[in-house]
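Throughout, protein chains are lettered first and strands after them, A, B, ... in sequence-line order, and every chain is numbered starting at 1.
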Amino acid sequence: MPAHTPPVSELHRRILDWFDEHRRALPWRDDPEPWRVMVSEFMLQQTPVVRVLPVFEAWLERWPTPAALAASSSGDAVRAWGRLGYPRRALRLHAAAVAIVERHDGRVPDSYDELLLLPGVGDYTAAAIASFAHGRRAVVLDTNVRRVFARVVEGVQYPAAGVVRAERDVAASLLPDDEATAARWAAATMELGAVVCTARSPQCDACPVSDLCRWRALGHPEHDGPPRRGQAWHGTDRQCRGRLMAVVREAHGPVAPELLVAAWSEAAQRERCVDSLLDDGLLDLDAEGRFILPG
DNA sequence: TATGCGTGGAC
DNA sequence: TGTCCAAGCAT
């Protein structure tokens, strides 16, 4: 651990106390049943809480267990996903539900290693489910936690583009030994990053560790280094795919190819994107060559 | 390790 | 208006 790291016990006490008082009431937090936590984590990958809330409630109403989702088609999952974005997540959640039924007797596994083997579950999601749903001790490193540690410990505005070894070591060294406390710590540090230590305008006045924060002590130096490149959007395949998926998702029946022209006029790109959507399993063709969601 | 992958709100 | 950002994953 770097020499400038604040006293760990003090960080723990302050952030855990702050969390006890300020934690948001969230449906997957108030009732952290494992399937609910798993669904929420898939939906929250790159998608804000406020947009997830209504879709989450409808999803759990319809599919209260992995077995229920596994018994539906992947296309039903894609349609229910609505406009959350990155619809391949819906496909992966469906595939994960099938795997849970086949390999885990319908119960969401509780170990990081088993979770990691599920489709759509990477390092973060495996750690989050193990920690939030099962109370396990796991290093939960999401964008919020990474930003909090980058600022408080390293004294920089933003973490590096990718997780590096040293960063994981710092996070591991800060994780409380006690299992239940470690799980609270994971939720607390995420919450602090999501609500107070935000990317754009951090609310240092409301931060329980502002006086221990290295970034604040240094005068909030701005990000130094290569510019953080935003994702291109206009005219990209992602935009095209989104338009095409919206047409099929919101149609009442099969969609004739001609109807996709209105969604994207440039033929070569449209056809390339249709092919990629078919390849991904997000679209399918019926007997008449019309587009449908997979059955 | 760098890209590609949706969507919409905030500024 | 354009840019940035949001509980990442797979390749």
### Task
For A:L84 and C:dC9, give me the distance from atom CG to atom P, rounded to whole Å.
16 Å
### Task
Would you indicate, yes or no, if C:dA6 has its OP1 or OP2 atom less than 4.0 angstrom from a side-chain nitrogen or oxygen of A:R147?
yes
### Message
Can you check the distance between C:dA6 and B:dT1, where both ends of the measurement are the C1' atom (answer in whole Å)?
### Response
23 Å
### Query
Which residue lies toward the 5' end of DNA chain C, A:T125 or A:T47, if each is placed at its nearest nucleotide?
A:T47
### Query
At under 4.0 Å between heavy atoms, what does A:S40 touch on the DNA or RNA strands: base, sugar-phosphate, or nothing?
nothing
### Query
Which part of the nucleic acid, if any, lies within contact of A:W81, taking any heavy atom under 4.0 Å across all strands shown: a base, the sugar-phosphate backbone alone, or nothing?
nothing
### Query
In terms of side-chain geometry, is the basic nitrogen of A:E191 or A:R29 positioned less than 4.0 Å from the acidic oxygen of its partner?
yes
### Message
In whole Å, I'd like the distance from the CE atom of A:M245 to the P atom of B:dG8.
### Response
14 Å
### Query
So what does A:D123 hit on the nucleic acid, given a heavy-atom distance under 4.0 Å: a base, only sugar-phosphate, or nothing?
sugar-phosphate
### Message
Counting the atoms with a prime plus P, OP1 and OP2 as sugar-phosphate, which does A:R272 contact under 4.0 Å by heavy atoms, base, sugar-phosphate, or nothing?
### Response
nothing
### Message
How many whole angstroms separate atom CZ of A:F132 from atom C1' of C:dG8?
### Response
14 Å
### Task
Mind telling me whether A:W185 and A:H12 have parallel, tilted or perpendicular rings, with 30° and 60° as the class edges?
perpendicular
### Task
Measure from the side chain of A:Y158, starting at C-beta and using heavy atoms only, and say which of C:dA7, B:dC5, C:dC5 lies closest.
C:dC5
### Message
Considering every strand and a 4.0 Å limit on heavy-atom distances, what is the contact class for A:V121: base, sugar-phosphate, or nothing?
### Response
sugar-phosphate
### Message
Under 4.0 Å, heavy atoms only, any strand: does A:A199 hit a base, just the sugar-phosphate, or nothing?
### Response
sugar-phosphate
### Task
Sticking with atom C1', work out how far B:dA2 lies from C:dA7, rounded to a whole angstrom.
22 Å
### Task
Ignoring hydrogens and angles, answer whether the base of B:dT7 and the side-chain atoms of A:R238 contain a donor-acceptor pair closer than 3.5 Å.
no
#### Entry: Listed nucleotide nearest any side-chain atom of A:R83, set C:dA6, C:dG8, B:dT7
B:dT7
### Query
Is it true that a side-chain atom of A:W233 and a backbone atom of A:Q239 form a donor plus acceptor pair closer than 3.5 Å?
no
### Message
Quick check: on DNA chain B, is the nucleotide nearest A:Y86 upstream (toward 5') of the one nearest A:V164, or the reverse? Name the residue that is more 5'.
### Response
A:V164
### Message
Considering every strand and a 4.0 Å limit on heavy-atom distances, what is the contact class for A:G162: base, sugar-phosphate, or nothing?
### Response
nothing
#### Entry: Test: A:R290 and A:D284 ion pair at under 4.0 Å
no
### Query
Counting any heavy atom closer than 4.0 Å, what does A:L277 reach on the DNA or RNA strands: base, sugar-phosphate only, or nothing?
nothing
### Message
Looking at A:Q46, I'd like to know whether one of its side-chain N or O atoms comes within less than 4.0 Å of OP1 or OP2 on C:dG8.
### Response
yes
### Message
By the 4.0 Å heavy-atom rule, please label A:R200 as base, sugar-phosphate, or nothing.
### Response
base
### Query
Does a donor on one side chain and an acceptor on the other come within less than 3.5 Å for A:Q269 and A:W264?
yes
### Query
Can you check the A:R88 CZ to B:dT3 P distance for me, whole Å?
17 Å
### Task
From the options C:dA7, B:dG6, B:dC5, select the nucleotide whose nearest atom is closest to the side chain of A:Q231.
B:dC5
### Query
How is A:R249 classified with respect to the nucleic acid when contacts are heavy atoms under 4.0 Å: base, sugar-phosphate, or nothing?
sugar-phosphate
### Task
Take atom P in C:dT11 and the same atom in B:dG6, then report the distance between them in whole Å.
14 Å
#### Entry: Nearest-Å distance for atom pair CZ/P, residues A:R146 and C:dG8
10 Å
### Message
Return whichever of A:D280 or A:V50 has its heavy-atom-nearest nucleotide of DNA chain B closer to the 5' end.
### Response
A:D280
### Query
In terms of side-chain geometry, is the basic nitrogen of A:R165 or A:D169 positioned less than 4.0 Å from the acidic oxygen of its partner?
yes
